[in-house]
Structures are given as structure tokens and as C-alpha cells.
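Notes follow the structure.
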Amino acid sequence: CGWDGGDCQRNPVDGYSNCLVHDLSEIENKVCKDESPYNTEVCGWDGGDCQRNPVDGYSNCLVHDLSEIENKVCKDESPYNTEVCGWDGGD
């Protein structure tokens with residue numbers, strides 16, 4: 001959105017030095033926001049809200065929602081659509 005005059009401002013998250021998000025209330029709110037930048041290592045996997053589940057057949061692939069892998073629908077975001085997750089299990 002090109003920072004859209006401040007509408008898409010990235011705010012630093014306390015406790016996660018390199019984590020910048022639009023909506024601070026989405027971090028550590030007990031609900032996984034399963035998208036970047038929230039569900040990333042630098043943001044502590046949404047402040048701990050997102051589980052890291054191993055995916056069968058992809059030894060280094062860890063995702064929150066296992067049903068999103070190999071479901072015939074491309075989830076075009078990290079960590080799903082990455083090389084270690086087989087490009088969303090081939091979706």
C-alpha cells in the first residue's frame with residue numbers, strides 16, 4: 001500500500017526488536033494471525049499465538065494450520081508457500 005499516507009504504518013512491537021506490524025492489538029491476543037509479518041520468527045510467531053506444527057514429508061516445514069498444506073488451494077504467503085514447505089505442498 002506504499003504506506004498510504006500513514007494508513008499502513010508499521011509499528012515496533014515491545015519485546016521483539018525487529019518486529020514491525022500495522023496493528024499492535026493483533027500480537028499476543030490469543031488468536032493466531034497466520035500471515036506475515038505477524039506469524040514470523042522475528043515477531044515471535046504472532047507473540048506466541050501461532051503454533052509451529054511439523055508437516056509430514058517436509059522436514060523443515062513448520063506451520064500453524066496443517067490443513068492449509070496440500071489442500072489444492074495455494075496459500076501464497078510464508079511459511080506455507082516456501083521451498084521448505086514444498087511451495088504449499090504443491091498447491
To the nearest 0.5 Å, what is the distance between SG (Cys85) and CD (Glu68)?
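It is 12.0 Å, given to the nearest 0.5 Å.
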
Go through Asn39 and Asp34 one step at a time and tell me if the side chain to side chain donor-acceptor pair (under 3.5 Å) criterion holds.
CA-CA 5 Å; Asn39 189 16; Asp34 197 12; 2.5 Å; yes

Residue that, paired with Cys50, satisfies side-chain contact (heavy atoms from CB on, under 4.5 Å) out of His64, Glu35, Lys33:
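That would be His64.
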
Does Asp88 reach the main-chain N or O of Gly90 with its side chain, forming a donor-acceptor pair under 3.5 Å?
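Such a contact is absent between Asp88 side chain and Gly90 backbone.
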
Does any N or O in the side chain of Asn71 come within less than 3.5 Å of the main-chain N or O of Val73, such that one atom is a donor and the other an acceptor?
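Yes, the answer is positive, given that a donor and an acceptor are paired below the 3.5 Å cut-off.
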
Can you confirm whether [X] sits close enough to [Y] that some side-chain heavy atom of one is under 4.5 Å from a side-chain heavy atom of the other?
| X | Y | value |
| --- | --- | --- |
| Pro79 | Val84 | no |
| Asp65 | Tyr80 | yes |
| Thr40 | Ser78 | no |
| Leu62 | Trp45 | no |

Ile27 and Asp49: which non-hydrogen atoms are nearest, and at how many Å?
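Reported closest heavy-atom pair: C-OD2, 4.0 Å.
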
Counting only heavy atoms from other residues, nucleotides and ligands, does the tally under 6.0 Å from CG of Asp14 exceed 12?
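Atom CG in Asp14 is not packed in, count stays at 12 or less.
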
Which residues pass the side-chain hydrogen bond (donor to acceptor under 3.5 Å, both in side chains) test with Glu28, sequence neighbours left out?
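side-chain hydrogen bond (donor to acceptor under 3.5 Å, both in side chains) list for Glu28, sorted by chain: Tyr16.
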
